[in-house]
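So you know, we letter chains A, B, ... as the sequences are listed, proteins then strands, and number each from 1.
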Protein chains: 2
Amino acid sequence: MKPYLLQILKELALLGATKNRVEISSLELAKQLETSQQTASRYLLELDKDGMITRELGIKKQLIRITGKGEEALQEEYLQYQQIFELTNKIRFTGKVVSGMGEGRYYTEQSGYADQFKERLGFVAFPGTLNVEIRHIEKNKLRLLKNYNAIQIDEFETDNRTFGGVKCFRATINNADGAIVLPLRSHYSNILEFISPHFLREKLNIKDGDNVKIMIYL
Amino acid sequence: MKPYLLQILKELALLGATKNRVEISSLELAKQLETSQQTASRYLLELDKDGMITRELGIKKQLIRITGKGEEALQEEYLQYQQIFELTNKIRFTGKVVSGMGEGRYYTEQSGYADQFKERLGFVAFPGTLNVEIRHIEKNKLRLLKNYNAIQIDEFETDNRTFGGVKCFRATINNADGAIVLPLRSHYSNILEFISPHFLREKLNIKDGDNVKIMIYL
DNA sequence: ATTACTAGTAAGCGAGTAT
DNA sequence: TATACTCGCTTACTAGTAA
């Protein structure tokens, strides 16, 4: 979302457009934003096109209301500010369950990892990872995570190859305990890998595509 | 402040730059922002020029820290999001001081009103009201206000005429205590009438046309 | 490696104006 | 009154590259 559009959306929200339809003309909005009527009009068109607001054009003015999508964008922004100013010890993600390519199982079964999980996380990880695709909008939170101190799992070697270090954070998924695993050397990903002492798909009765809630403890 | 610069400042804050110096190269920043190294470099130059960050350029990378001014800008933004999403007990208005037609004084000096002000608001109102013209756009917020429970001032009669009931909300104007008065029977107006135990024009050293900040407590 | 200048291109803005 | 189009001007972006 373009930064200037987010600002406009915020202004509309401050006028109450998340809760009610707000009656406002493009000229009034322009005055509020200290810009031209034409630009204000364009802002509204863009926000509408992006699905952030709905508009009802009357003969005079227009009734504007922020959509669910628009409110979500604002919520996300708000969360980031909370993260900045509040001393938070947890980060919340929502996402949906996806299938990996069986790699998770391969890795978690390496004793080099498994032993460290047991020692540093205090549980024996069920073979495999539960992969959760987070919404693109939440990638900022993921990045944030990478800067926090984590439970470190060291790299190790076998006869065949080297396995890289990973970072872990204690976490819950739909209130079930476990941890998320972040490869130290990884490109940007929108997948969270969750390990747990339990077979989560069964325990939580979840399948691919289901929405889940992940809480990460810092 | 330009919207895109605010976004960058927020990103730096998320990296911890409000609390510590953060070591980051323009290229790294560029990757996080999904933009070019040149643009990231320009962002940092602009933020520096605006006094939002301080930079220590080393031979490699640079140490960046958000200044007090920068943090203030973020705080202001955070406040606005709180206003949007929290069950707030206050509403903010900005507006400018205007002169009424002396009516305020006539009304506030009626003992029927003055006695009730003293009883229900806890102060003896200085004769007259300070009138603040709110920006037209904020009339939407004013409309919200009319739905909240207010301190009620009852109508009364004198030998000559009837004086209508009014609603009051405790409020501050530029941090000075008082209340705003909304006539029960009134057309929509973009004027807020402020009463206070003090002579506000003198106490706050304000005159017609000055911008003031009003906080209304619900 | 790094920052940041220059220059050409793309995006955003607002005056004029059609509707 | 409104909204929103066109179009010339300004601002922002990035490739190339110097330092």
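At whole-Å resolution of the value, CG in B:Leu29 and C1' in C:dA4 are 14 Å apart. Regarding B:Leu6, its CG atom lies at a distance of 15 Å from the P atom of D:dA12, rounded to whole Å. Note: CG (A:Asp48) to C1' (D:dT3) measures 13 Å, nearest angstrom. One can place CD1 of A:Ile24 at 14 Å from C1' of D:dT3, the figure rounded to the nearest angstrom. Following rounding to the nearest Å, A:Leu47 (CG) and D:dT3 (C1') show an atom-to-atom distance of 16 Å. The NZ atom of A:Lys31 sits 13 Å away from the C1' atom of D:dA2 (whole-angstrom rounding). As rounded to whole Å, 18 Å separates atom P of C:dT2 from atom CD of B:Glu56. One can place CD of B:Glu28 at 7 Å from P of C:dT2, the figure rounded to the nearest angstrom.
In terms of the side-chain hydrogen bond (donor to acceptor under 3.5 Å, both in side chains) criterion, residue partners of B:Ser26 (sequence neighbours excluded) are, by chain and number, B:Gln37. Considering only residues two or more places apart in sequence or on other chains, B:Gln152 meets the side-chain hydrogen bond (donor to acceptor under 3.5 Å, both in side chains) condition with none of them. In this structure A:Asp48 satisfies the side-chain hydrogen bond (donor to acceptor under 3.5 Å, both in side chains) test together with A:Arg55, sequence neighbours excluded.
The phosphate of D:dT3 (OP1 or OP2) has no side-chain N or O of A:Lys61 nearer than 4.0 angstrom.
Using cut-offs of 30° and 60° on the angle between ring planes, the pair A:Phe163 and A:Tyr106 is tilted. Between B:Tyr4 and B:Tyr43, the two ring planes are tilted [angle within 30° to 60°]. Under the 30°/60° scheme for interplanar angles, the aromatic rings of B:Phe126 and B:Phe199 are found to lie parallel.
Across every non-hydrogen atom of B:Tyr217 and B:Ala171, the tightest pair is CD1-CA, 4.0 Å.
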Expected list for residues 90-97 of chain B: side-chain donor-acceptor pairs under 3.5 angstrom, two or more places apart:
{"unit_1": "B:Arg92", "atom_1": "NH2", "unit_2": "B:Glu76", "atom_2": "OE2", "d": "3.0"}
{"unit_1": "B:Thr94", "atom_1": "OG1", "unit_2": "B:Arg135", "atom_2": "NH2", "d": "3.2"}

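Rounded to 10 degrees, the angle between the two end axes of the helix from C:dT2-D:dA19 to C:dT19-D:dA2 is 40°, with five pairs used at each end.
A salt bridge does not link B:Lys10 with B:Glu77: every distance from a Lys NZ or Arg NE/NH1/NH2 to an Asp or Glu carboxylate oxygen is 4.0 Å or more.
Distances were taken from every side-chain heavy atom of A:Leu45 (C-beta onward) to each of C:dT3, D:dA4, C:dG12; the shortest belongs to D:dA4.
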Under a 4.0 Å heavy-atom criterion, the protein footprint on nucleotides 13-19 of chain D, written with B, S and -, is BBBB---
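Backbone-only contact: A:Leu57 has heavy atoms under 4.0 Å from sugar-phosphate atoms and none from a base.
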